[in-house]
There are 2 protein chains.
Amino acid sequence: MNEFAAEPEPEDEALQDGGARPRTRIQRRNTGAILDAALEVFSAQGFRGATLDQIAEVAGLSKPNLLYYFASKEAIHVELLSGLMDTWLDPLREMDPEGEPEAEIMAYVRRKLQMARDYPRESRLFANEILQGAPRMRAAIEGELKDLVDEKAAVIRGWQQAGKIAGVHPHHLIFSIWALTQHYADFDMQVRAVLGPEGEDPFPEAGKFLDTLFGRLLAP
Amino acid sequence: MNEFAAEPEPEDEALQDGGARPRTRIQRRNTGAILDAALEVFSAQGFRGATLDQIAEVAGLSKPNLLYYFASKEAIHVELLSGLMDTWLDPLREMDPEGEPEAEIMAYVRRKLQMARDYPRESRLFANEILQGAPRMRAAIEGELKDLVDEKAAVIRGWQQAGKIAGVHPHHLIFSIWALTQHYADFDMQVRAVLGPEGEDPFPEAGKFLDTLFGRLLAP
DNA sequence: GAAATCTTTGACCCTTTGGTCAAGGACAGG
DNA sequence: CCTGTCCTTGACCAAAGGGTCAAAGATTTC
């Protein structure tokens, strides 16, 4: 079970009224189970591909019971996404303008790779949403996300002007970190298939590779 | 209109029988329009999210007419995917073991980035398929794709042992090329949103960035 | 321990969707 | 210009899917 998306924003919205947080123990347990099941199904099938029956089955509840806790399929999805954005941006927020430039960026890379490993479903949910043109997240991406990236890009530019790291385009540097780390979650199936049936964990090697890559890219 | 996926394999399968290639001019035109429309819709909505009505509308045909040319929704999808794999791997096939190592890899990166720019729908179709665990492509990925990657990884290892390029993990090097180039197609919406409303083409800058990145990564 | 308040679900409803079919048009080829 | 093949579609159909509801079961509260 995973609180990752369930915790940040107190789920509710449903339960006809619309004021209170999860009250009873039962409510907390069931909304948690629903969000976890929905994450499982939405991340694997996309919004339109997922069905309430599938989510209900994974959650171990009946379909009408889902709809007792959430007003609609869409409401479940929105709940997941709104919890996601914050957690998704946290590793970037932690990048400290006062820190040692190369170390800060390398640490960011490692945090993102760790997230890809620990929360692949969240990564795929996000990927699905962007792939379809972000119909339910456009605002957050053009607002929150863009603002944070612009802010950190400015920090990076400062480091570059101080000669601490190489002068590569800050926005594209950030894109490259996203692309390279999330790839291991979103394309996990392909990565494992290509590496062969030995079934060993690709992440340790990926970590080493990314250390080398960004080490060389950032050297002033 | 785009022949990319329509041409490689002669579409047919439908038309009740199952022997002949597109015979008439009408047939060629309509199967082409259907595959192009299906690429549009599948790449944007995923398989389950797409509907025959949407595809029919984009193609400018009636739904029963679609099903005159293709046996089922699934048949259209399969047709697209089977045409895709070959084209997708071509840029890697072209990497020449006899060529100058760094130049060969850089050229591969540029070809892939060019594909992301010219064929974003194909990239997203592929991404959708892998994200959902590749239910209809597993065989091709574990076979054709893995084989080619293994072959080229061996070539790269040879170059590394000859001291021509840095000794990074060949498979992860290839993954990084895929991740970094396809990101600009698959996450296009996000890339453009973050770069801001100026609406300028991200690809020229991406090209410069990737030149720097791989130049530094590969230097022996 | 009974009233008031949550939870749960079987049965149902309406829309969407993949797919069928028979009949009517368009187009060769002779 | 007529016949046999190819193409097109309006009308249907059955299944799936999102969502509702009333009534029955649990829990809590006093």
Side-chain angles (χ1 to χ4, degrees), chain A residues 10-35 37-38 40-42 44-80 135-136, chain B residues 10-35 37-38 40-42 44-80 135-136:
Chain A
E11 0 54 18
D12 194 305
E13 256 72 66
L15 291 169
Q16 316 332 356
D17 54 62
R21 265 76 266 242
R23 280 150 288 206
T24 77
R25 182 176 341 165
I26 283 182
Q27 228 163 97
R28 198 180 303 272
R29 170 168 53 78
N30 284 349
T31 52
I34 291 170
L35 288 171
E40 187 76 25
V41 177
F42 282 138
Q45 315 273 357
F47 179 73
R48 300 208 39 179
T51 73
L52 286 178
D53 294 276
Q54 284 175 87
I55 297 172
E57 187 180 342
V58 174
L61 298 171
S62 67
K63 183 169 64 170
N65 208 2
L66 284 199
L67 293 163
Y68 171 73
Y69 290 102
F70 289 89
S72 64
K73 181 184 177 182
E74 174 113 26
I76 303 177
H77 196 238
V78 166
E79 181 69 32
L80 281 176
R136 296 166 227 282
Chain B
E11 359 55 13
D12 193 306
E13 257 72 65
L15 291 171
Q16 316 333 357
D17 53 63
R21 265 74 269 238
R23 278 150 290 204
T24 77
R25 181 177 342 166
I26 283 181
Q27 226 163 98
R28 199 180 302 274
R29 170 168 53 78
N30 283 350
T31 51
I34 292 169
L35 288 171
E40 189 75 25
V41 178
F42 282 138
Q45 315 272 0
F47 179 74
R48 298 207 42 181
T51 74
L52 286 178
D53 293 277
Q54 285 176 84
I55 298 172
E57 187 180 341
V58 174
L61 298 171
S62 67
K63 183 170 63 170
N65 209 1
L66 283 199
L67 294 163
Y68 172 73
Y69 290 102
F70 289 90
S72 67
K73 181 184 177 183
E74 173 113 25
I76 303 178
H77 197 238
V78 166
E79 182 69 32
L80 281 176
R136 300 175 218 309

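Just so we're on the same page: letters track the sequence lines, and every chain starts at 1. Just so we're clear, the structure is a prediction, and the values are computed from it rather than from any experiment. Scope of the values below: all heavy atoms of this structure, side chains included, with no hydrogens, waters or symmetry mates.
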Tell me whether the side-chain N/O atoms of [X] come closer than 4.0 Å to OP1 or OP2 in [N].
{"X": "B:Asn30", "N": "D:dC6", "value": "no"}
{"X": "B:Gln27", "N": "D:dC6", "value": "no"}
{"X": "B:Asn65", "N": "D:dT9", "value": "yes"}

With rounding to the nearest 0.5 angstrom, report the [atom1] to [atom2] distance, [X] to [Y].
{"X": "A:Tyr69", "Y": "A:Asn30", "atom1": "OH", "atom2": "CG", "result": "4.0 Å"}
{"X": "A:Ile26", "Y": "A:Thr31", "atom1": "CD1", "atom2": "OG1", "result": "11.5 Å"}
{"X": "A:Leu80", "Y": "A:Phe70", "atom1": "CG", "atom2": "CZ", "result": "7.5 Å"}

Quick one: [X] [atom1] to [N] [atom2], roughly how many Å, whole number?
{"X": "A:Lys73", "N": "C:dT15", "atom1": "NZ", "atom2": "P", "result": "18 Å"}
{"X": "A:Ile34", "N": "C:dT8", "atom1": "CD1", "atom2": "C1'", "result": "12 Å"}
{"X": "A:Leu67", "N": "C:dT9", "atom1": "CG", "atom2": "P", "result": "13 Å"}
{"X": "A:Tyr69", "N": "D:dG19", "atom1": "OH", "atom2": "C1'", "result": "18 Å"}
{"X": "B:His77", "N": "C:dG19", "atom1": "NE2", "atom2": "P", "result": "13 Å"}
{"X": "A:Phe70", "N": "D:dT20", "atom1": "CZ", "atom2": "P", "result": "15 Å"}

Which side-chain N or O atoms in residues 54-66 of chain A pair as donor and acceptor under 3.5 Å with protein atoms at least two apart or in another chain?
from: A:Gln54; atom 1: NE2; to: A:Thr51; atom 2: OG1; distance (Å): 3.2
from: A:Ser62; atom 1: OG; to: A:Asn65; atom 2: N; distance (Å): 3.3

When you get a sec, tell me which of [options] is the closest nucleotide to the side chain of [X]?
{"X": "A:Ser72", "options": "D:dT8, D:dG19, C:dG18", "answer": "D:dG19"}
{"X": "A:Lys63", "options": "D:dG18, C:dC6, C:dT20", "answer": "D:dG18"}
{"X": "A:Tyr68", "options": "C:dT7, D:dG19, D:dT8", "answer": "C:dT7"}
{"X": "A:Pro64", "options": "C:dT8, C:dT20, C:dA11", "answer": "C:dA11"}

Task: Positions of residues 45-60 of chain B (non-hydrogen atom under 4.0 Å from DNA chain D), listed by number - done: B:Arg48

Protein-nucleotides 24-30 of chain D N/O pairs under 3.5 Å:
none

Task: For A:Lys73 against A:Arg48, the heavy-atom pair lying closest together - done: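 Shortest heavy-atom separation between A:Lys73 and A:Arg48 comes out as NZ-O, 3.9 Å.
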
TODO: Could you check B:Phe42 against B:Ile76 for side-chain contact (heavy atoms from CB on, under 4.5 Å), going step by step and ending with a plain yes or no?
DONE: CA-CA 10 Å; B:Phe42 282 138; B:Ile76 303 178; 4.1 Å; yes

